[in-house]
Number of protein chains: 2
Amino acid sequence: MMRKTATKNATTTRKKPSPRLARPGPIGGKRDENRKQRRAEFETAALELFLRQGIEGTTIDDIVERTGAAKGSFYRYYEDKRDIVLALLQPVKESLDEVFGNVAGSVEAARSPPELMETYQMLALSISGVIFSNQRLVLLYLQESRSPGVGAREPVVALADSMKKAALRLTLVAHEHKLLRDLDPRVTSLAVLGASEQLLFELFRDGTLGEPLKMAEALISMVLDGLRPD
Amino acid sequence: MMRKTATKNATTTRKKPSPRLARPGPIGGKRDENRKQRRAEFETAALELFLRQGIEGTTIDDIVERTGAAKGSFYRYYEDKRDIVLALLQPVKESLDEVFGNVAGSVEAARSPPELMETYQMLALSISGVIFSNQRLVLLYLQESRSPGVGAREPVVALADSMKKAALRLTLVAHEHKLLRDLDPRVTSLAVLGASEQLLFELFRDGTLGEPLKMAEALISMVLDGLRPD
DNA sequence: TTTAATGATGACTGTTTAGTCACCATATCG
DNA sequence: CGATATGGTGACTAAACAGTCATCATTAAA
């Protein structure tokens, strides 16, 4: 857990890569190569531990022990635990931002309800792709996303927040286009998100939910009927 | 956090109230009265800290500092952090068990689909009662229920598990009575639970979801249309 | 009242933890 | 090559932490 240090970090200096965490020179050189590999090792170890013990319940010592590295090495790559959580989520966050960015354009461009529906379908497909190629990470997200947004779990909570916002934006557009029943979009977007996340959580956690595709089909069918305009 | 002690507790002796935690003699006496009050103090303090910092991020020292008590006092009332979490959830768990117990009987007794529907409505009402009279506790549950089920958070995860099971049982009965569309009950029960929990989470967390009753209405409407037989 | 049981306390112990650092190894650059 | 930057290491520090215990206070029982 984050030890409760009395030191107040008055200036929240992000962006400043402390000398210890400097980047290696050549972008494809040996240094850069090793660095990527080492980070990957730390991150896979951390991910498994986070899933088993929770982020807060995992110590830096746990991580280095699992990697077989020395403790000092960890700090050559990450500022602290929060930093490695951030690094873990970064790729997923970027993928999702890209997906939502693309969709934002298509949504604007859509000229008819059917066109808009098609856009949403493509969105669902893209998101599914991101989700299923990052199952362990998604599980971590689902596991920690409702935590208090302080300390090492903050990046997860931030991601959850942006997911909710994205869901709301898309729902609002659909709502304006009369694609949905006249229910509060804040409510419908959260309900759909909540249902989806719960199902994903069970699916990835113990896999006794049968075929993912069947599950998705059932979910979509429920949502469509639950939200179809009268 | 649960310190990683090497000591293995071979015999999992619950039920045995260690001498330090013995009960006071007279059931309405001063001792018993003080004891209840003191426990309540510890528990309210702990609940607020748990909500702010997470269960894992809260230490015994935090709790006693907030109550103004001495550390040793805490251990006169609770074995450890897990124990106070258990104590916090106990009343809610009992209420819910009672509600579900009653419903189980009514469900058996129901002779027609309308009768069964009425039973479900009564269930929803009862559960709402429990939820709204325990908002902070429900928030704690929602916040921690997807955690790894180890250490102090185990009671929360256990409760979450029993909620899922209860939801599935009820859904199965409804399914058998052809009250629902022919979708996998495991999927529908989780979807409805997930949607409900997500909405509750937002509602209790920052209260920007408008009127709870409006929200419930929207949710019910969505669920009914989403699950109504063809 | 006397005796026993329960409660309060905070200093104390042993351990765990985050984070550092001096020292050495290896890669990059001039 | 020599100089410099980056990487690896594990002992070390200071602080935090769970849990204990001797001591004194209060309540209950005899």
Side-chain angles (χ1 to χ4, degrees), chain A residues 1-9 17-42 46 49 53 55-65 67-85 151-152, chain B residues 1-9 17-42 46 49 53 55-65 67-85 151-152:
Chain A
M1 107 177 53
M2 190 178 43
R3 304 298 285 264
K4 280 128 195 187
T5 46
T7 59
K8 292 286 173 186
N9 207 358
S18 109
R20 206 177 40 196
L21 287 115
R23 252 70 220 312
I27 306 192
K30 198 154 188 172
R31 278 258 155 90
D32 189 54
E33 209 54 43
N34 288 351
R35 191 171 179 86
K36 273 180 192 159
Q37 204 173 328
R38 205 94 168 86
R39 280 180 72 101
E41 278 170 36
F42 276 124
L49 288 168
Q53 312 172 355
I55 292 177
E56 213 61 16
T58 301
T59 67
I60 310 294
D61 282 303
D62 289 339
I63 298 174
V64 298
E65 188 189 358
T67 339
K71 192 167 189 179
S73 297
F74 177 90
Y75 287 97
R76 293 230 176 261
Y77 292 89
Y78 309 96
E79 293 261 354
D80 49 23
K81 199 161 65 177
R82 180 186 177 282
D83 200 28
I84 197 175
V85 172
Chain B
M1 105 177 52
M2 191 178 41
R3 306 298 286 269
K4 281 132 195 183
T5 45
T7 59
K8 292 285 173 186
N9 206 355
S18 108
R20 205 176 41 197
L21 287 114
R23 249 75 221 310
I27 305 194
K30 198 153 190 172
R31 279 260 155 90
D32 190 55
E33 210 54 44
N34 289 348
R35 190 170 182 88
K36 273 181 192 156
Q37 203 174 329
R38 205 93 168 86
R39 281 181 70 101
E41 278 170 33
F42 277 123
L49 288 167
Q53 313 172 355
I55 292 178
E56 211 63 16
T58 302
T59 67
I60 309 295
D61 282 302
D62 289 338
I63 299 173
V64 297
E65 188 189 359
T67 38
K71 193 167 188 178
S73 297
F74 177 88
Y75 287 98
R76 290 219 175 270
Y77 292 88
Y78 309 96
E79 293 261 353
D80 48 24
K81 197 160 66 176
R82 180 187 178 281
D83 200 28
I84 197 176
V85 172

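Worth saying up front: this structure is predicted, and the values here are computed from it rather than measured. By convention in this document, chain letters (A, B, ...) are assigned in the order of the sequence lines, proteins followed by strands, and residues within each chain are numbered from 1.
The listed nucleotides are dG19(D), dG7(C), dG19(C); the one nearest the side chain of Lys71(B) is dG19(D). When distances are taken from the side chain of Ala70(A) to each of dG10(D), dT17(C), dA8(C), the shortest belongs to dG10(D). Side chain of Arg76(A), nearest nucleotide from dT9(C), dG8(D), dT17(C): dG8(D).
Without hydrogens or angle criteria, Lys81(B) side chain to Thr58(B) main chain gives a donor-acceptor distance under 3.5 Å.
Atom CD in Gln37(B) sits about 14 Å away from atom C1' in dG7(C), given to the nearest Å. Here dT13(C) presents its P atom at 21 Å from CD1 of Ile60(B), a figure rounded to the nearest Å. Atom pair Asp61(A):CG and dT9(D):P shows a separation of 15 Å (rounding to whole Å applied). As rounded to whole Å, 16 Å separates atom C1' of dT9(C) from atom CZ of Phe74(B). Distance OH (Tyr78(B)) to P (dA8(C)): 11 Å, rounded to an integer number of Å. In this structure, Tyr75(A) atom OH and dA22(C) atom P are separated by 18 Å, rounded to whole Å. Glu56(B) has its CD atom 11 Å from the P atom of dT17(C), to the nearest Å. Between the CG atom of Asp80(B) and the C1' atom of dC17(D) there is a distance of 14 Å, given to the nearest Å.
Residue-to-nucleotide proximity on DNA chain D shows that, of Asp62(B) and Phe42(A), the 5′-proximal contact is made by Phe42(A). When each of Gly72(A) and Ser73(B) is assigned the nucleotide of DNA chain C bearing its nearest heavy atom, the one mapping closer to the 5' terminus is Ser73(B).
Between Tyr77(B) and Phe42(B), the angle of the ring planes lies from 30° to 60°, which puts this pair in the tilted group.
Between the side chain of Lys81(B) and the base of dA18(D), no donor-acceptor pair under 3.5 Å is found. Residue side chain Arg31(B) reaches the base of dT6(C) through a donor-acceptor N/O pair under 3.5 Å, judged by distance alone. Side-chain atoms of Lys4(A) and base atoms of dA15(D) include no donor and acceptor less than 3.5 Å apart.
Closest heavy-atom contact between Gly57(A) and Asp62(A): O-OD2, 4.0 Å.
The shortest distance between the side-chain N/O atoms of Arg38(B) and the OP1/OP2 oxygens of dT9(C) is below 4.0 Å.
For Asp61(A), the side-chain hydrogen bond (donor to acceptor under 3.5 Å, both in side chains) partners are Lys71(A), not counting sequence neighbours.
At a threshold of 4.5 Å between non-hydrogen side-chain atoms, the residues Arg31(B) and Arg35(B) do not count as touching.
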